[in-house]
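Take a look at the structure set out below.
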Amino acid sequence: MQYVSTRGGVQPVNFEQALLEGQAEDGGLFLPERYPQLSDRWDSLKDLSFSELALEIVSLYATDVDADALRRILSDAFATFDDADVARLVQIEDLHVLELFHGPTLAFKDVALQVLGRLFEHVLNQHNQVMNILGATSGDTGSAAIAGVRGRDGIGIFIMFPDGRTSRLQELQMTTVREKNVHCLAIDGSFDDCQRILKEIFNDIEFKRRAHLGAVNSINWARIMVQIVYYVYASLRYDEPVTFSVPTGNFGNILSAILAIRMGAPIRRLILGTNENDILARFFASGKYQRGVVQQTLSPSMDIQVASNLERFIYLYLDGDSEQLIQFMHGFAEHNHATLRRSGHVDTTIDARRIDTDETIATIRKTWERYGYLVDPHTAVGVAAAAQTHSEGPVVCLATAHPAKFPSAVDQAIGKALAQHPHLHTLDEKHARKVKLPANQQKVRDYLEQNIIK
Ligand SMILES: *Cc1c(COP(=O)(O)O)cnc(C)c1O
């Protein structure tokens, strides 16, 4: 399988290159040149375990990775989950929830990042290379990325976060990891400062090459690819087409659902839920993509105003017309808005809804009272969005985090922080380790110089 850039400015690359490069050199994102069909094999896929199904799907895309290595990588990655199903489907009356939070950091990002860390290690070893991952996080992504590469051979990871501004649990999930290849950089500044430093360092091409810098952000194709698996796995459990409701920030998770549809999975429709940061809800209702000001909400992993993976959707929507895509993206970069179509809904298979804080809290409460089931505030956004729409057939809501990760939201909704998880209890007893650095590019770079894997 070859991968093309959405911006059309580079030669197609193979899977390993798309994996290691992350973003194409022309500024675009990688997509496969075609989407293999599953429909004719549908019945034979029904009996497979999650890991076996993952092997079927991933080997269609990662064609240049050795089959035995792939099997081992996938089974090791999913063995870190505390549920044999990996993605557990829970049905209580008319509530259908796909639990994606059974991995090490209790959020859906583990599904892809547990695989990604092992893929990186394998491919780097094959080519005798090393990589130093540099990232900035306001919470969830950092811990899932660290969990994916801790102790992996030939990989260092350096995660910057705004000191004192992430939640206590989020910080502990990063800083209590013992492995020597993990570096938590507590920056004396805001998340924006962390992102600015990240950009400045990555823009120094000479340093980036010399230090073998890499990223694990949500635009890496391999993350999108792995996420396709749970949509297929869940749709196989029904004998009629299903609708998925997906709480969305960077448009990564829901993009995988769109690609599952392209591969022939019987998915009727998609419901997209945003919090008050509703750039996507507005875009799908009107065709106008307009940047707003980021607001802090109860669902911090969706407090995003620019959805980096939307570029892939627009490319598909424009039937691969890179010229038009570039116009759209440049227009947005320059004017903070761009329009895809004059008016009306962009895509009738996607129903996008904005759910505010009050409704999120009310949904956590109602879901608990009616079904005896606790959802986290991100999941609640998807559950609330599903309740606003009328759907034929089953609607499966994606549970993207364990409710125990967000005790204060649960407390606000039902008067006590009911949700518990043993992983989180033991964090307090562990030794935490972080390096405090000023919000200064040179200081971060000095630290990297001394600690990167060479
Ligand atoms: C990252 C995240 C999301 C948003 O996923 P996207 O792929 O960015 O749309 C939703 N919920 C949780 C808990 C997350 O960590």
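FYI, the numbering just counts along the sequence from 1. Ligands are counted one by one from 1 in listed order, and the atoms in each one are counted from 1 as well.
Every atom of ligand 1 with a heavy atom of Lys109 under 4.0 Å away is listed here by number and element: 1 (C), 2 (C), 3 (C), 14 (C), 15 (O). Near Asn250, meaning under 4.0 Å from any of its heavy atoms, are these atoms of ligand 1: 6 (P), 8 (O), 9 (O). Heavy-atom contacts of Thr248 reach the following atoms of ligand 1: 9 (O) (cutoff under 4.0 Å). Set against the non-hydrogen atoms of Ala401, the atoms of ligand 1 under 4.0 Å away are 13 (C). Close contacts of ligand 1 with Gly252, meaning ligand atoms under 4.0 Å from a residue heavy atom, involve 6 (P), 7 (O), 9 (O). Less than 4.0 angstrom separates some heavy atom of Gly249 from each of these atoms of ligand 1: 4 (C), 6 (P), 8 (O), 9 (O). Using a 4.0 Å cut-off to heavy atoms of Asn253, the atoms of ligand 1 that qualify are 7 (O).
The shortest separation from a heavy atom of Phe101 to ligand 1 is not under 4.0 Å, leaving the residue out of contact.
By the 6.0 Å and 45° rule, Arg237 stacks over the aromatic ring of Tyr233.
In terms of protein heavy-atom proximity, atom 3 (C) of ligand 1 is nearest to Phe108 CE2, 3.6 Å. Among protein heavy atoms, atom 12 (C) of ligand 1 sits closest to Thr400 OG1, 3.4 Å.
For Asp428, the salt bridge (Lys or Arg N to Asp or Glu O under 4.0 Å) partners are Arg168, not counting sequence neighbours.
Under the 4.0 Å criterion applied to side-chain N and carboxylate O atoms, Asp278 and Arg354 are assigned as salt-bridge partners.
In this structure, Ile228 and Ser256 have side chains that are in contact, with non-hydrogen atoms separated by less than 4.5 Å. Tyr231 is not listed as a side-chain neighbour of Ile261, based on a closest heavy-atom distance of 4.5 Å or more.
The distance between the ring centers of Phe81 and His102 does not fall below 6.0 angstrom.
Side-chain polar atoms of Ser299 and Thr297 form a donor-acceptor pair below 3.5 angstrom.
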